[in-house]
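See structure below.
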Amino acid sequence: MSREWRTDLALLLLRLSGLGLAFAHGWGKVIALSAQGGDAPFVAGVAALGFPFPLVFAWAAALAELAGGLLIAVGLFTRIAAAAAAIAMAVAAFLRHRFAQQILAWLGILEVSDETRQRWGSPELAAVYLAILLALVLMGGGRFSLARLVRRSTRRGR
């Protein structure tokens, strides 16, 4: 197995995490926003982070996760979709879950009560998605992507 083939296989495995992002995170948010609109708890969470127009930003984050996750999984517009989803994950990890403060607390540099840590929630999943998404922004979708298939078929059709 060549190094290039292994790299493309690894990119495929990373891209498949987009399904988790889409269905475990984005789908529920889109359903809640569709049914509850501005009354969805996610909108209140976005407002609590200080974003203007929280309903707009909530929809942007939900669609970045759902549509972005699906595009990533199939390998279409991978870099763009991964960048949009990475922004949503960076906000989740660093603003909502206070990842930087939690690292400082884990290192014993910052004193944080257990109650505060529980209120912040766990940043690990958002941080892992962020790392995966940033790798995909840098590397693209790879050989086993829909974009590659489309490019190949359009070249043959000329």
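Note that the structure is a prediction, hence the values are computed from the model and not measured.
Side chain of R96 to main chain of G45: no donor-acceptor pair is present (N/O by atom type, distance under 3.5 Å, no hydrogens or angles). No side-chain donor-acceptor contact under 3.5 Å links E65 to the backbone of M89.
Proximity of L16 to L19: side-chain heavy atoms (C-beta onward) are separated by under 4.5 Å at one or more points. Using a 4.5 Å heavy-atom threshold, the side chains of I80 and L71 count as separate. In this structure the side chain of M139 reaches within 4.5 angstrom of the side chain of T7, judged on heavy atoms. By the 4.5 Å heavy-atom criterion applied to side chains, W59 and S34 are counted as neighbours.
Considering every non-hydrogen atom in both A64 and A88, the closest pair reads CB-CB, 4.5 Å. The two atoms that bring V137 and A83 nearest to each other are CG2-N, 3.5 Å, heavy atoms only. Shown here for L33 and A62, the closest heavy-atom pair between the two residues is CD1-CB, 3.8 Å. Scanning both residues, A81 and G68, for their nearest heavy atoms gives CB-O, 3.7 Å. Nearest heavy-atom pair across L14 and A135 is CD1-CB, 4.4 Å. Here the shortest heavy-atom pairing between P123 and A93 reads CB-O, 4.2 Å.
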Take F57 and L49 through the side-chain contact (heavy atoms from CB on, under 4.5 Å) test and state the conclusion after the steps. CA-CA 11 Å; F57 279 93; L49 293 175; over 6 Å; no
List the steps, then state whether side-chain contact (heavy atoms from CB on, under 4.5 Å) holds for L12 with R15. CA-CA 5 Å; L12 172 63; R15 281 197 353 259; 3.6 Å; yes
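The environment of F94 atom CZ is dense: over 12 non-hydrogen atoms of other residues, nucleotides or ligands sit within 6.0 angstrom. Within a 6.0 Å radius of CZ in R3, other residues, nucleotides and ligands contribute 12 heavy atoms or fewer. Remark: W120 CH2 is packed, more than 12 non-hydrogen atoms of other residues, nucleotides or ligands lying under 6.0 Å away.
Linking ILVMFWY side-chain heavy atoms closer than 4.5 Å, directly or via other members, places L133 and L11 in a single hydrophobic cluster. If you chain together hydrophobic residues whose side chains sit under 4.5 Å apart, I72 and V30 never meet in one group. L21 and L134 fall within a single hydrophobic cluster, where Ile, Leu, Val, Met, Phe, Trp and Tyr side chains are chained together by heavy-atom contacts under 4.5 Å. Using a 4.5 Å cut-off between side-chain heavy atoms of Ile, Leu, Val, Met, Phe, Trp and Tyr, with links allowed through other members, L146 and L70 fall into different hydrophobic clusters. Placement of L55 and I31 within a single hydrophobic cluster is found when ILVMFWY residues are connected by side-chain heavy-atom separations under 4.5 Å, directly or transitively.
The CG atom of L130 lies 10.5 Å from the CD1 atom of I87; values are rounded to the nearest 0.5 Å. Atoms OG1 and CG, from T116 and L110 in turn, are 9.5 Å apart once rounded to the nearest 0.5 Å. Atom-to-atom distance recorded for F23:CZ and L66:CG is 7.0 Å, nearest 0.5 angstrom.
Relative orientation of the H25 and Y129 rings is perpendicular, given thresholds of 30° and 60° on the angle between their planes.
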